[in-house]
Amino acid sequence: MKIGYPCINRSIGCTANSTFRLANYSEHRLIEKVGNNLDCLQKILEFNVENNFLFFRISSDIVPFASHPVCTFDWIDHFKKDFVSIGSYIKKNNIRISMHPDQFILINAKDENIVKRSIAELDYHCNFLDAMKLDKAAKVQVHVGGVYGDKDASIERFIKNYNLLPQHIKKRLVIENDHNRFNLSDCLQISSRTKIPIVFDSFHHECFNNGETMKEAAILASKTWKKSDGVLMVDYSSQQGGKVKGAHAQSINMGHFKQFLQEIAGLDCDIMLEIKDKEASALRVHKYISRLETI
DNA sequence: AGTTGTCAAGCTAGT
DNA sequence: ACTAGCTTGACAACT
């Protein structure tokens, strides 16, 4: 079981998701930003290896505007050496990688243009992972999309559009249950017809489910992962008190987390801690787990 | 140097 | 009708 946190490290003093304004786009700026972001990504990964965080989500902002029409620059070729070098570091240290394109990515949108832009964005994510020469266990996770007042039709549209995706996207794309639109059983329905693996989001499952216990749900999701996809990815969080339903906790609630670990005991998975304070909470989790291992 | 409005993109529920 | 929330900050124009 690997533990990770998403995108941002707050203790090493650099970010791998630095961007700029579209209005200020220039090739020079793009090269500068991507160069810095890749340098910082390497530093974050080194920090992670030292601290035994072997699961990491790379920010979608690592190559700003990569899928925007304004970007015609061949960044894959320009940074080829860096990609290969970071990729070998990832493989050498057996780090699991994921990416999570933003909320604008809607494979099942009714508007063809949104679908087109979404595919362009997925293409960017997959090209990025391909450039690092990572195997297909490095995943790109999205939500199913919008309901548009007709869930069945929206599921059909997802499946239809998914089947049309190019192979280099299909091999990495996975779906995640969300907290108010498509829950685990909706995702399972899609998975049974497309064989797409499901990232299990435990917090979303608490918010929105079809009566499955945490353990049942995690096992159902894990069965959608083939050997070559790697083990089940889990997104873990809990409710931030005083905020609207679905708001992620600012810092980890260890009691809640321990109970979650007990509930899914015996299931191999990699856990992404979607907690706002990032590695601070991840360090507390590690302390707890290493204590368990020494007992 | 510090503050603050704004940033490519969408959907949903809650106010 | 409007906004918070979602991987959420961080950019950049303004004091």
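Throughout, protein chains are lettered first and strands after them, A, B, ... in sequence-line order, and every chain is numbered starting at 1.
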Can you tell which of [options] lies closest to the side chain of [X]?
X	options	result
Arg117(A)	dT6(B), dA9(B), dT7(C)	dA9(B)
Ala247(A)	dC6(C), dT12(B), dT7(C)	dC6(C)
Gln103(A)	dT7(C), dC11(C), dC6(C)	dC6(C)

Once you round it to whole Å, what is the distance between [atom2] of [N] and [atom1] of [X]?
X	N	atom1	atom2	value
Asp277(A)	dT8(C)	CG	C1'	14 Å
Asp102(A)	dA4(C)	CG	P	18 Å
Asn180(A)	dG5(C)	CG	P	14 Å
Asp178(A)	dT12(B)	CG	P	9 Å
Asp111(A)	dG10(B)	CG	C1'	11 Å
Leu106(A)	dC6(C)	CG	P	17 Å

Charged N to carboxylate O under 4.0 angstrom, Asp130(A) versus Lys171(A)?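 Salt bridge between Asp130(A) and Lys171(A), a charged N being under 4.0 Å from a carboxylate O: yes.
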Salt-bridge test for Glu112(A) and Arg117(A): reply yes if a basic N is under 4.0 Å from a carboxylate O, no otherwise. no
Under 5.5 Å between ring centres and under 30° between planes: does that hold for Phe104(A) against the base of dA9(B)?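 Here the ring of Phe104(A) and the base of dA9(B) are stacked, with centres under 5.5 Å and planes under 30°.
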Distance between [atom1] atoms of [N] and [M] (Å, rounded):
N	M	atom1	answer
dA9(B)	dA12(C)	P	16 Å
dT3(C)	dC7(B)	P	14 Å
dG9(C)	dA4(C)	P	15 Å
dT7(C)	dG14(B)	C1'	22 Å
dT6(B)	dT8(C)	C1'	14 Å

Can you tell me if the side-chain N/O atoms of [X] get under 4.0 Å from OP1 or OP2 in [N]?
X	N	value
Arg29(A)	dA12(C)	yes
His204(A)	dC6(C)	no
Lys276(A)	dC6(C)	yes
His100(A)	dC6(C)	no
Thr19(A)	dG9(C)	no
Asn24(A)	dA12(C)	yes
His143(A)	dC6(C)	no
Lys110(A)	dC11(B)	no

Any idea how [X] and [Y] line up, ring-wise: parallel (<30°), tilted (30 to 60°), or perpendicular (>60°)?
X	Y	result
Phe83(A)	Trp75(A)	perpendicular
Tyr162(A)	Phe158(A)	parallel
His143(A)	His204(A)	tilted

I'd like to know if the side chain of Tyr236(A) pairs up with that of His256(A) as donor and acceptor (distance under 3.5 Å, no hydrogens or angles considered). yes
N/O donor-acceptor pair, side chain Arg181(A) with base dC11(B), under 3.5 angstrom: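 No pair found.
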Remember a base hit wins even if backbone is also touched, and classify His248(A) as base, sugar-phosphate or nothing at under 4.0 Å, heavy atoms.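 Sugar-phosphate contact only.
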